[in-house]
Amino acid sequence: MATVEALYKELTAEWAKRPPNTARCSQLLDQLKVALVKMAFLPTDGNDAQSSKKQLLLARSVLEVAVEHSVLSKDLLAFERYMAQLKCYYYDYAKIIGESESKYKLLGLNLLYLLSGNRVSDFHTELELLSVDVIQHNQFIRPILALEQYIMEGRYNKIFQAKSTVPAEVYSYFMELLVETVRDEIAACIEKSYDKISAKDAAKRLNLRVPDEIKAFGEKRQWKLEASGDYSFTDRSIKPKEILPSEELAEQVLSYARDLEMIV
């Protein structure tokens, strides 16, 4: 236990630096994960957990640093893995070790991550684990719920505005991913709605202010830029209209009507 505490003390000292030494933090986290596995990292029953409160608190604190470190390192797979482990401490052992000060900051971070990947069903599954009071009033949860509402309503300008007012600094990376997801949604709408659109108008709709940004975005989407400065979408393949079997449908409807009349 003393070795683990010493490693954790060094980790918190490194993590407190701004900017932290991410490489050293990664090394310390690897050592701590191995050490914690040998202890009560994930207790299997209530009695075991009760006698291991100190280890549980330490493990939770390490995982909280690991979650933020994975975001700083832009390692999404590590983020999902650490977050899944951390939720065990937030929900299953809350009565034993109490509530962490970082709980809602990191749960809100996870919600933003799901939203940035357009994983709406997973987003709502996580929301169901939270109380109504937390959803409506918590400073970390409520802004993320507002973002989801903006997306549902198509108020994408609000998403762009929210980029500068994230609840915590650690949210910035996922907020950038969300903005990119929203831009892709807008771009898909532009492609279907316009035969042509000027680069200036496209940049305005995508909230891109620098000419090089719209140029790079257009290249990424494989947009055709004409000499006039307009993007053209007329050469994009259009799905042929499907012919509806009208006679078959009419016969089926009449058959249903006759059956219903016989039942009545």
Side-chain angles (χ1 to χ4, degrees), residues 1-16 20 24-73 75-115 119 121-145 167-171 174:
M1 184 65 185
T3 303
V4 177
E5 289 177 335
L7 286 171
Y8 175 66
K9 186 176 181 180
E10 186 178 353
L11 174 64
T12 53
E14 285 291 342
W15 187 248
R24 181 55 183 158
C25 287
S26 183
Q27 292 174 355
L28 290 168
L29 283 169
D30 288 341
Q31 294 176 49
L32 279 164
K33 282 186 291 184
V34 173
L36 286 169
V37 166
K38 298 176 181 179
M39 297 166 54
F41 186 37
L42 286 173
T44 56
D45 59 65
N47 293 328
D48 189 16
Q50 195 71 279
S51 63
S52 310
K53 182 176 179 180
K54 190 174 182 179
Q55 290 94 323
L56 285 169
L57 286 168
L58 182 58
R60 185 181 70 184
S61 298
V62 170
L63 285 171
E64 287 177 337
V65 174
V67 165
E68 294 200 40
H69 176 269
S70 65
V71 176
L72 190 63
S73 304
D75 188 341
L76 300 184
L77 290 177
F79 173 81
E80 284 202 28
R81 185 167 61 251
Y82 288 133
M83 199 68 222
Q85 294 171 345
L86 184 57
K87 284 189 291 184
C88 172
Y89 294 88
Y90 284 166
Y91 294 120
D92 298 340
Y93 300 111
K95 292 182 179 179
I96 300 170
I97 59 178
E99 191 168 277
S100 168
E101 292 182 359
S102 300
K103 175 180 178 179
Y104 293 111
K105 181 178 78 170
L106 297 184
L107 289 179
L109 180 66
N110 186 49
L111 287 173
L112 180 57
Y113 166 66
L114 295 174
L115 201 59
R119 294 166 57 180
S121 60
D122 292 334
F123 177 88
H124 285 283
T125 299
E126 292 296 321
L127 272 184
E128 289 176 3
L129 299 174
L130 303 174
S131 68
V132 174
D133 183 64
V134 167
I135 291 173
Q136 292 180 345
H137 302 107
N138 186 270
Q139 62 176 323
F140 297 108
I141 305 300
R142 186 177 178 181
I144 309 306
L145 196 62
E169 185 180 352
V170 71
Y171 284 50
F174 289 155

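Below, each value reflects all heavy atoms present in this structure, side chains not excepted, and no hydrogens, waters or symmetry copies.
A tilted orientation is assigned to the rings of Phe174 and Tyr113, their planes being inclined by 30° to 60°.
Closest non-hydrogen pair, Ile135 versus Leu127, comes out as CD1-O, 3.6 Å. Nearest heavy-atom pair, Cys25 versus Leu11, reported as atom, atom and distance to 0.1 Å: O-CD1, 4.0 Å. Closest heavy-atom contact between Pro143 and Asn138: CD-O, 3.9 Å. The two residues Thr12 and Lys9 come nearest to each other via the heavy atoms OG1-O, 2.8 Å.
Taking CE from Met83 and SG from Cys88, the interatomic distance works out to 12.0 Å, rounded to the nearest 0.5 Å. Distance check: Leu106 CG to Ser100 OG gives 7.0 Å after rounding to the nearest 0.5 Å. For the atom pair Asp122 CG and Leu111 CG, the distance stands at 10.5 Å (nearest 0.5 Å). The OH atom of Tyr104 sits 15.5 Å away from the CG atom of Leu109 when rounded to the nearest 0.5 Å. A distance of 9.5 Å separates CD in Gln27 from CD in Glu14, rounded to the nearest 0.5 Å. Here the straight-line distance linking atom CD1 of Ile144 with atom CG of Leu114 works out to 11.0 Å at 0.5 Å rounding.
Environment of CD in Glu101: sparse, with no more than 12 heavy atoms of neighbouring residues, nucleotides or ligands closer than 6.0 Å.
A donor-acceptor pair under 3.5 Å is absent between the side-chain atoms of His69 and the main chain of Val65, judged by distance alone. A donor-acceptor pair is defined here as one N or O able to donate and one able to accept, closer than 3.5 Å; no such pair exists between the side chain of Ser102 and the backbone of Lys105.
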### Task
I would like to know whether Arg60 and Tyr93 meet side chain to side chain contact (heavy atoms under 4.5 Å, CB included); could you show each step before the answer?
CA-CA 10 Å; Arg60 185 181 70 184; Tyr93 300 111; over 6 Å; no
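Of the N and O atoms on the side chains of Tyr90 and Glu64, at least one donor lies less than 3.5 Å from an acceptor on the other residue.
In this structure, the side chains of Leu107 and Lys87 come closer than 4.5 Å at one or more pairs of heavy atoms. Looking at heavy atoms from C-beta onward, Arg24 lies in side-chain contact with Leu28 at the 4.5 angstrom threshold.
The side chain to side chain contact (heavy atoms under 4.5 Å, CB included) test with Val71 singles out one residue from Tyr171, Tyr82, Phe79, and that residue is Phe79.
Salt-bridge check for Arg119 with Glu126: failed, with every basic side-chain N at 4.0 Å or more from each acidic carboxylate O.
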